[in-house]
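When reading the values below, keep in mind they use all heavy atoms of this one structure, side chains included, and skip hydrogens, waters and symmetry mates. As the structure lists them, so they are numbered: ligands from 1, and atoms in each ligand from 1.
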Amino acid sequence: MELRKDPITRSWVITGDDVPDSTPRAETSCRFCADSPQPAQVVSTMLSLQGGSWSARAVVHPTPLYHIEGEAGRRAEGLYDRMRPVGAHEVLVENPRHDRNLWSANDLEIEQFLILAAQRIQDLKRDPRFKYVSMFKNHGGSAGQEFEHPTSQLVATTFVPRRVLYELRAGRDYFASKERCVFCDIISQELKQDQRVIETRGEFIALCPYAPRVPYESWILPRTHEAAFERFGLGRSGTVRDLGALLRRTLQRIRTVTEDFHLVLHTSPNTLHRSESLNYWKTIDDDYHWHIEILPILAAGPKSYTFKEVYYSPVSSEKAVERLRQARVEP
Ligand SMILES: [Zn+2]
Ligand SMILES: [Zn+2]
Ligand SMILES: [Zn+2]
């Protein structure tokens, strides 16, 4: 496996022929459950606050796409660029229990999971080789869910993923002309218009974006400006529980429409170790704003709603928000 850069979009893709076997193994026991006889290699554990030995933990991915050892060894091949897939690939076990998901766990459990995620991102950013740490969750067969146990995944890479790079550049450009954060401006306009806001909770807002890529796309953002999720998560722990509650409630709403979704956390890149090739670092703390994006996957309808990078959504966000607001969720 190797990383190759698309010279046109400047995005890196991981490619190669020794694709790890993704067919589900017939496992007799779950390796992520608290009482697993063959537990995965533990990286970090959040102690339990409610009895039991732990509440969330990070483990090494059993079949990692990225490997921690060595240097990326970036090299040119004519106009192309390639490098070795150096990185970290971890599984974040959200809950010791096999049946407690982010929409069915309690807010304290979700809070512990979010703090673990913040700790792992912070820790991986200490490695100067890593430019970015992604956290994501794929739930459901059509989302490419890998494990039955409630888990998210963490990938530290030697490059910034394409979508985040777009956002960083757009944030920088908006800030250059207006001296304001585009995300902060979106939040204040959405609150004022109140047409696409799902709900607010404490310092957080859940909304359907003005130009969705897929039906019922939902974002969760802090209403107070902050570029880095991990700085927020470790510094203002009092409000992490509100974020957990809003995440749980938003997922409950989305699950009244479909069970399958992608969830991704967008946070600032590794500014502990600055990159010379990217020139957005000076204002990044002012012009980027962390957030969670949830991209539901609707059962195949007559029309496909994504076509590569050109998104088509047959449900407007104003319609989507009506349905999501009316969904019955637990307090
Ligand atoms: Zn399990
Ligand atoms: Zn902002
Ligand atoms: Zn984003």
Determine whether [X] and [Y] make a side-chain contact, defined as any pair of heavy atoms from C-beta on separated by less than 4.5 Å.
| X | Y | answer |
| --- | --- | --- |
| Leu298 | Tyr216 | yes |
| Asp286 | Phe175 | yes |
| Phe232 | Pro222 | no |

Report task. Under the side-chain hydrogen bond (donor to acceptor under 3.5 Å, both in side chains) rule, what do His289 and Glu226 come out as? Steps first, then yes or no, please. Result -> CA-CA 5 Å; His289 191 124; Glu226 173 59 83; over 6 Å; no

Requested in this report: Would you mind counting protein N, O or S atoms that sit less than 2.8 Å from the Zn ion (ligand 2)?
Outcome: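 Considering protein N, O and S only, the Zn ion (ligand 2) has 4 within range.
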
Presence of salt bridge, [Y] and [X], under 4.0 angstrom:
| X | Y | value |
| --- | --- | --- |
| Lys5 | Glu77 | no |
| Arg169 | Asp287 | no |
| Glu71 | Arg84 | no |
| Arg100 | Glu94 | no |
| Arg325 | Asp194 | yes |
| Arg74 | Asp81 | yes |

Query raised in the report: Which other residues belong to the hydrophobic cluster containing Tyr210, where Ile, Leu, Val, Met, Phe, Trp and Tyr are joined when side-chain heavy atoms lie under 4.5 Å apart, directly or via other members?
Result: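 Noted: Tyr210 shares its cluster with no other residue.
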
Report task. Consider only side-chain N and O atoms of Gln195 and Glu190, and report whether a donor and an acceptor are under 3.5 Å apart. Result ->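 No, no side-chain donor-acceptor contact under 3.5 Å.
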
Requested in this report: Give a yes-or-no answer on whether the side chains of Asp6 and Ser11 include a donor-acceptor pair shorter than 3.5 Å.
Outcome: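 No, Ser11 and Asp6 have no side-chain donor paired with an acceptor closer than 3.5 Å.
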
Report task. Quick one: name the protein N/O/S atoms under 2.8 Å from the Zn ion (ligand 3), chain by chain. Result ->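 Protein N/O/S atoms under 2.8 Å of the Zn ion (ligand 3): Glu167 OE1, Glu167 OE2, His266 ND1, His291 NE2, Glu293 OE2.
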
Query raised in the report: Number of protein N/O/S atoms less than 2.8 Å from the Zn ion (ligand 1)?
Result: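 With waters ignored, the protein N/O/S count below 2.8 Å is 4.
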
